[in-house]
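Numbered from 1 within each chain, the chains take letters A, B, ... in sequence-line order.
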Amino acid sequence: MNDKLGNWKRTHRCGELAAQQIGEEVCVMGWVQRRRDHGGLIFIDLRDRDGIIQLALDPDRDPAAHSKAEQVRNEFVLAARGKVSPRPEGTVNPKMKTGEVEIEISELLILNRSETPPFMIDEYSDVAENIRLKYRYLDLRRPALQNNLLMRHQVAKTVRNYLDGQGFIEVETPVLTKSTPEGARDYLVPSRVNPGNFFALPQSPQLFKQLLMVSGYDRYFQIVKCFRDEDLRADRQPEFTQIDCEMSFVNRDDVMTIMEGMVASIFEATLGVELSLPMARLSYAEAMDRYGVDNPDLRFDLELVTITELVANSEFKVFASVAKDGGLVKALNAKGCAGFSRKELDDLTEFVKIYGAKGLAWVKVTEEGWQSPIAKFFSAAELDSLNAKLNAEVGDLLLFVADKSSITNEALGRLRGHLGQKLGLAKKDVYKFVWITDFPLLEWDGEERRHVAVHHPFTAPLEEDIELLDSEPGKARAQAYDLVLNGSEVGGGSIRIHDQAVQSRMFELLGIDEAEAREKFGFLLDALSFGAPPHGGIAFGLDRLMMILAGADSIRDVIAFPKTQKATCLLSEAPNEVSEKQLQELAIRLRKAPK
RNA sequence: GGGGCUGUAGUAGAGUCGGUUACAACGCCGGCCUGUCACGCCGGAGGUCGCGGGUUCGAGUCCCGUCAGCCCCGCCA
């Protein structure tokens, strides 16, 4: 049936053959991209992960190899020996990297055959994603995904080299660990040996990396899988990879500076892009004021402008009442967009409603002044001050949202991002980084009627805000920082609390009493009491970073075996039911029998 | 939990106002072809129109339900 590999040895990868190998006897192995049978001559494009080389089979030169080539079909696995030759005059293919040469085949092995694949393994065919995911091993043969995974390897390698050079050591932390109810939903794993008890898969190695600092490892990193049992998005998978770092005896600036170097080395190694350092920094408060979100896309301006005071006394009741009730009225000036159609304006209105805004007021600035349903409510003085504040010029489109501040900011901030995409201002090959700093330490959870940590409960407050913990804890800011790239949060971290008393006070503020704190985090509190150094760290979302580096629209395109939006694997058909015997061993009985 | 988009040969699509045997492309199979390279020419096979129900003389097309994939809100410290 199939030929045996025997002692054949590959001498070259397909993509590396070029004029300098002319005359050499070589051996290549790979998959059949395409066979072109001219009756006499047969050409086979042989593909491996490195590229494609043309095999030429001439019936006059080697009848045995030629007749074997007649059986060959797409995706067969071949080994071929022959001499690298220049292509005849006029048959050079400039579109191929190896297009100047071909291999004159003298011996051919069919190492394995292939069914006709469900879709063509090429860069042209556009295939539905459920088919691609079911046959992921075939999809992964295609150049786009191969390039993404090769680049991902390059990033991991660069990160390891860089961090090693900075004195970091990679330490593995447990995957079977303890459930911590703060934060996202945990994936649980039942313990057979301890019936009724469960491990949780880590949402991050947070506590373990802090323990490593207590242990004196000084600089730790890990490229590590993390798990969160929450709903998926285009940039969210239930298992994802973090570049996780922690350092002792550092402040925020130290962490940010070292990590900027890491990110710069990644961009240099993968894209050849040189980033200008240091990166921009923006306080949370300023980001919210100017962009409405804590992850602004700085590839374009379109800044939000607060106009609450200017409209507080206007005849337009929607704005005036929001202003009087302590809400927020903001606007953005979409330069040159006065030509938007009614349909486009309706679409923008629908867009802001997703984020809770009740409506979107618009103004087209024309030679005759404001063309707008709301123009008549404003005095000449109000119009003048609004035009001045918004830098309004003929041809501009002004967009307003009035609501409580959280809604106004999010609706208009997301609209800003939407317009950046729609107007083509967000260019894929431009990379704008910004650190967002001085996040609030706590936020009030109305449902649970308590403060919750904005970042996590181990984040240290700003030193100058520590006294606020007793007076106005909601006003305290955190020593936390997020790295935002093109409107996407790619990393986040903080200086941690290393003082046991401060950590206990923090749990108290979060409404976690001493008994509960001991039960959940006792091991951390104990560790802090045995000489914990000041420390802090950061974690980067490798997948999101890869999306931007690879120009991918979906996180699934940078992960080898991703899950669907319903968190299933179409390839392996996980998750699946398990046998009654397995359940019995785990002391588990299902509440509902499976369908 | 909610909103939206999509589902027609192996693949990606067309299918008008509900009307005869559901189209052409790529792929596949067979034949021809000695310089192609997303080869070319000739011929052929291939369909539970996602699934179930309903309306109708008649449903790929209209209605209801359901399943799957995707996007979004909630959720994601």
Any donor-acceptor pair under 3.5 Å from A:Gln33 side chain to A:Ile121 backbone
yes
Without swapping roles, check the side chain of A:Asp465 against the backbone of A:Arg477 for a donor-acceptor pair under 3.5 Å.
yes
If the condition is ring pair (Phe, Tyr, Trp, His ring centres under 6.0 Å), which residues does A:Phe221 pass it with, not counting sequence neighbours?
none
Same-atom distance (C1') from B:C64 to B:G1, integer angstrom:
22 Å
B:C73 and B:U11, which share atom name P, separated by this distance in whole Å:
31 Å
Among B:C70, B:G74, B:G27, which nucleotide has an atom closest to any side-chain atom of A:Arg556?
B:C70
Would you indicate what A:Glu129 reaches in the nucleic acid, counting non-hydrogen atoms under 4.0 angstrom: base, sugar-phosphate, or nothing?
sugar-phosphate
Provide, to the nearest angstrom, the distance between the CD atom belonging to A:Gln565 and the P atom belonging to B:C73.
11 Å
Pair assignment for B:U11, Watson-Crick or G-U wobble, requiring both distances under 3.5 Å:
B:A25
Find the partner of B:C39: check Watson-Crick (N1-N3 plus N6-O4 or O6-N4) and G-U wobble (N1-O2, O6-N3) distances, both under 3.5 Å, and reply none if neither fits.
none
Touch class at under 4.0 angstrom, heavy-atom based, for A:Val127 against every strand present:
sugar-phosphate
Partners of A:Glu514 by salt bridge (Lys or Arg N to Asp or Glu O under 4.0 Å), sequence neighbours excluded?
none
Look through every strand shown and name the nucleotide pairing with B:G65 as Watson-Crick or G-U wobble, where both distances are under 3.5 Å.
B:C51
Determine the contact category for A:Ser204: base if any of its heavy atoms lies under 4.0 Å from a base atom, sugar-phosphate if only primed atoms, P, OP1 or OP2 are that close, otherwise nothing.
base
B:U16 versus B:G54 - spacing of their P atoms, nearest Å
25 Å
Expressed in whole Å, how much space separates the C1' atoms belonging to B:U56 and B:G18?
9 Å
In whole Å, what separates the C1' atom of B:G46 from that of B:C62?
30 Å
Which of these nucleotides, B:C72, B:G1, B:C76, is closest to any side-chain atom of A:Asp231?
B:G1
Once each nucleotide of nucleotides 31-44 of chain B is scored for protein heavy atoms under 4.0 Å, what B/S/- sequence comes out, 5' to 3'?
--BBBBBBB-----
With rounding to whole Å, what would you report as the distance between B:G44 and B:U34 at their P atoms?
24 Å
Quick one: do A:Glu129 and A:Arg556 make a salt bridge, cutoff under 4.0 Å?
yes
How close or far is atom C1' of B:G27 from atom CD1 of A:Ile121, stated in whole angstroms?
12 Å
Ring pair (Phe, Tyr, Trp, His ring centres under 6.0 Å) against A:Phe458, all qualifying residues, sequence neighbours excluded
A:His456, A:Phe521
Quick one: which protein N/O atoms are closer than 3.5 Å to N/O atoms of nucleotides 8-10 of chain B? Pair and distance per line, please.
from  : atom 1 : to       : atom 2 : distance (Å)
B:G10 : O2'    : A:Pro118 : O      : 2.8

Give none if B:C17 has no partner; otherwise give the nucleotide forming a Watson-Crick or G-U wobble pair with it, both distances under 3.5 Å.
none
Taking A:Arg49 for its side chain and A:Arg13 for its backbone only, find out whether a donor-acceptor pair lies under 3.5 Å.
no
For atom C1', what is the distance between B:G30 and B:C49, given to the nearest Å?
29 Å
Summary of ring-ring contact (aromatic ring centres under 6.0 Å, His included) pairs that have at least one residue in residues 43-98 of chain A, sequence neighbours excluded
A:His38-A:Phe43
Nearest nucleotide by nearest heavy atom, which residue falls closer to the 5' end of RNA chain B, A:Lys563 or A:Arg228?
A:Lys563
hbond_proxy A:Arg233 side chain to B:G74 base (donor-acceptor, 3.5 Å cutoff):
yes
Considering residues at least two apart in sequence or located in another chain, which fulfil the salt bridge (Lys or Arg N to Asp or Glu O under 4.0 Å) criterion with A:Asp231?
none
Pairs flagged by salt bridge (Lys or Arg N to Asp or Glu O under 4.0 Å) wherever residues 401-410 of chain A is involved - sequence neighbours left out:
A:Lys358-A:Asp403, A:Glu410-A:Arg414
Which base, if any, makes a Watson-Crick or G-U wobble pair with B:C76, both distances under 3.5 Å?
none
Describe the nucleic acid contact of A:Thr568 in one word from base, sugar-phosphate, nothing, applying a heavy-atom distance below 4.0 Å.
sugar-phosphate
Below 4.0 angstrom from OP1 or OP2 of B:C29, is there any side-chain N or O of A:Arg73?
yes
Residues which pass salt bridge (Lys or Arg N to Asp or Glu O under 4.0 Å) with A:Lys225, listed by chain and number, not counting sequence neighbours:
A:Glu239
Could you give the distance separating B:A59 and B:C41 at their C1' atoms, to the nearest angstrom?
41 Å
